[in-house]
Amino acid sequence: MNPEVTAGAVPAVAMRSITKRFPGVLANDSVDFEAREGEVHALLGENGAGKSTLASILTGLYRPDAGDIEIYGRRVEFHSPRDAMAAGVSMVHQHFRLAASLTVADNIVLGHQAAPWLRASPRTIESQVTDLARRYRMPVNPTARIWQLSVGEQQRVEILKSLYRGARILILDEPTSLLTPQEADDLFETLRRMTAEGRTIVFVSHKLEELMAVSDRVTVLRGGRVVGTVETKSTTPPQLARMMVGREVVFAQSKEAHRMEGGEVVLELRGISADGDLGIKAVNDVSLAIKAGEIVGIAGVSGNGQRELAEAISGARRRSAGDVIVDGRSLRNGDPEDAIARGIAHVPEDRLGTGVSPSLSVADNLILKSHRRAPIATRGILRRQRIAANAKQLMSRFSVSAPGPDTPTRLLSGGNVQKVVLARELSSRPRAIVAANPTRGLDVGATESVRELLIKAAAGGVGILLISEDLDEVLALADRIAVIYEGRIAGVVPRDEADVQRIGLMMAGAPA
Amino acid sequence: MNVNDSIVVVLAASAIFYGTPLVFAAMGELLAERSGVLNLGVEGMMLTGAVTAFWAVQHLSGPDWLVLLLATMIGGLAALAVSVIHAVLVVGLRANQIVSGLALTIFAGATGLSSYVGNVARLGGQPAHHEYTAINVLGLADVPVLGPILFHQNALVYASWALVLVALAYLHRTRTGLHVRAVGESPQTADVMGIDVARYRYAHTLAGGLLAGVGGAYFSLAITPNWIDGMTSGAGWIAIALVIFAFWRPELTLAGAYLFGLFSSLGFVLQARQVHLPPEVFASLPYLMTVVVLVAVSTGWARQRLGAPAALGTPYVREER
Ligand SMILES: Nc1ncnc2c1ncn2[C@@H]1O[C@H](COP(=O)(O)OP(=O)(O)O)[C@@H](O)[C@H]1O
Ligand SMILES: [Mg+2]
């Protein structure tokens, strides 16, 4: 973005032949990476391609097994993040590194060696933070505690933290994954301001559109190796996608949007409310009706009551008010068994935690919902042959790739775990499915198959409530889009009238 | 009757007297827990402190104050040495903190190392050669009401007050204190900010050991100036409960310690006044309270709200997910 960037100068970052092995995986395989001073250099790759590993090596968090790093032409060896910080390298991690109970100001000065032994008065620190925040137009309240902030605000604190330390090279790992579209635009604006000052940005992402918008160059990683580095100006999203995946990609499959006029309601939420884990109201008076064959998407920034809503419907969480009505009869409150019996399938967001029992075999996980009934159980005895046959059949129908039905489920890749969950849920012939972030963390291929399965289920007459923090996913699959903000439905729009700008505003709590 | 002999004043003064070992032990545990290390070995460390400090007063000679100071320090250092085991196991080797702490109490506690030392050195049944006695501070001991409570206590009581003030200032007013809180809350964060997580955890676990030892020494040098196997009779466990009960805050720990001190002394004070109730009732009061407090705070509800250090009990390894 900075016109003065010149190709000949010493690069701000040069990583050569970086190799990093974790037990069983070669996360980085002889990776070469260079970023010029003042550029935004994107690091693109699918999940598991090794982006975060490379970034963590650059910030001294991980030690490489082999390879060299040069910062502004000087050979460096980082033994800890402190060394990297001293060389001007800082990183905003995908999972923020903030101490939730401390204030914004405390988080920013944390570990700063120049700080006096007796802490400067909080007011001095606060005014420094306020100045910095004003300079980069990243408003934060220095006295607020981290847990009180939205994700977007927390990210600003992370960036301010780096700037406070005088970072010249800033790495951002998937910085937009938790932001609304507007917050993402603000972030890009900040990045431009930083590169104009000669700072270098390494922008890690797997979202093509935003890379095209924000970066000067892109380095693509696949399976731990560099596929290539290209100028953003002279590339296209399909070309990048091909480099990233290694084959042609069918762009995010989408469902034909239907306006469901008439049609039978299979799942109705009538004014439901529920408390979150902290006992604070997380779901507030949500009403929605989902018809057979319809996909209703719930868009929203993470932490606005999505998980609690899904659990309140599936019975995993008690409702404090309201009714969930399936085929005209209301479900018993806080009783997952009743929900299952009445045809509610749940694809929870925490696959390994609540979706499957990780140490049980694939075959056993596949019968978790049918083990009480014939043919799987007769007179209280499980029929092993039938369980094996059931597993074989479902694994081939849903193309679960696993060494065998007896493999412990935790050993499967994320995509295959999700297929096991879907196989179990869909084979129970549900009336409605509540799916929470069903493709989060999956690679392009697995995402494709999961979406296909959902579309197919809807075509077969199942009503689907798709709760997703990925707005693109909601826009691709849902017939209607409801936006959730602080536990309330901020508005519902049919897809053909959906406008990203307006949905983004609703996600941020602006009145619709 | 003199107001200073009234039951309220006597109870207040003895609540402080009996609560003081808890202040030391709980403040030590608080420091360790603030850095993310749970140490269930407090009882064992206190007993180690009690026996070594008592051994020291029997074998050292010199003026009272010097012998007592040295003996208290020896008790603290012995307990610190025991806490090194815990620190190495849980910080260095990432062993399970609960298992290691329990092992520590079993190893060092009653019928363990401390009773071995006491028996081999034949400490049982001897009267102490030196003991902590109440000091008449500035001659104010006879001031009505406040005199016996505030100005007629032993040196360790005054030291414990200083300790609470220092701990408060340390945690909230110094850079290192901020780092400790960050390490206990999110070691990942502390690490990327350039704070050496392991060093902070070692240091605070050892400080916890030292203070537990001083608390133990208080039993053998101030409360019952002699040595009996298992003489802290569960004070270490009460101290652990107290930290939770006090929401990990030094000032509330002090208040809580005195509340438990009150329960401990209620029996003696009432008995001395010819109020006859089964002594077992009073003797069991502090433990009953501990159970109630621990049950109450271990519900999910309380865990979320009490402000426990978020990373309490979890090891940190940089390259592990
Ligand atoms: N700390 C770790 N321990 C073990 N394996 C890891 C660790 N970090 C990353 N990996 C593995 O290394 C590979 C690359 O991961 P990562 O760098 O996080 O990918 P990306 O950020 O591109 O999604 C993955 O297979 C991942 O499972
Ligand atoms: Mg990553």
Side-chain angles (χ1 to χ4, degrees), chain A residues 20-23 27 52-53 56-57 59-63 79-86 89-93 95-103 105-122 125 145-147 157-158 161-162 164-165 275-280, chain B residues 30 33-36 165-201 203 247-249 296-312 314 316-321:
Chain A
K20 177 72 186 178
R21 198 180 291 278
F22 288 111
S52 298
T53 303
S56 300
I57 288 172
T59 46
L61 195 62
Y62 292 175
R63 299 289 305 272
H79 297 274
S80 71
R82 182 192 295 194
D83 295 347
M85 213 141 26
V89 182
S90 183
M91 174 162 170
V92 174
H93 289 262
H95 303 286
F96 297 151
R97 304 278 167 118
L98 295 169
S101 70
L102 303 186
T103 65
D106 278 345
N107 266 282
I108 289 175
V109 300
L110 198 59
H112 196 40
Q113 294 308 307
W117 184 76
L118 266 180
R119 292 171 60 201
S121 88
I125 300 172
R145 291 184 187 274
I146 297 298
W147 59 265
V157 177
E158 279 277 21
K161 215 162 84 169
S162 299
Y164 184 80
R165 298 299 186 82
D275 289 347
D277 295 337
L278 293 176
I280 299 161
Chain B
L30 183 148
E33 291 194 12
R34 277 297 187 106
S35 79
L165 291 177
V166 169
L168 264 175
Y170 173 68
L171 286 174
H172 295 284
R173 289 278 167 268
T174 67
R175 191 179 52 162
T176 15
L178 174 64
H179 295 181
V180 182
R181 288 187 284 144
V183 167
E185 181 73 25
S186 168
Q188 290 81 3
T189 301
D191 190 22
V192 300
M193 297 305 275
I195 298 168
D196 188 335
V197 173
R199 187 189 299 175
Y200 272 84
R201 290 191 162 176
F247 310 150
W248 290 266
R249 284 162 52 180
V297 298
S298 59
T299 58
W301 175 84
R303 279 190 76 81
Q304 306 274 1
R305 283 166 200 240
L306 292 187
L312 180 59
T314 45
Y316 174 66
V317 193
R318 185 180 285 165
E319 296 206 6
E320 207 159 80
R321 296 189 299 191

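Chain identifiers are assigned alphabetically (A, B, ...) following the order of the sequence lines, protein sequences preceding nucleic acid strands; residue numbering begins at 1 within each chain.
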Residues in salt bridge (Lys or Arg N to Asp or Glu O under 4.0 Å) with B:Glu33, at least two apart?
-> none
For [X], is it the side chain, the backbone, both or neither that has a heavy atom under 4.5 Å from a heavy atom of chain B?
{"X": "A:Leu102", "result": "side chain"}
{"X": "A:Ile146", "result": "neither"}
{"X": "A:His93", "result": "side chain"}
{"X": "A:Asn107", "result": "both"}

NE2/A:His95: more than 12 non-hydrogen atoms of other groups inside 6.0 Å | no
Determine whether more than 12 heavy atoms belonging to other residues, nucleotides or ligands lie under 6.0 Å from atom CZ of B:Arg199.
-> no
Ring centroid separation B:Tyr200 to B:Tyr316 under 6.0 Å = no
Select one option (side chain, backbone, both, neither) describing which atoms of B:Ala310 are under 4.5 Å from chain A's heavy atoms.
-> neither
Pairing residues for A:Ser56 by the side-chain hydrogen bond (donor to acceptor under 3.5 Å, both in side chains) criterion, not counting sequence neighbours = none
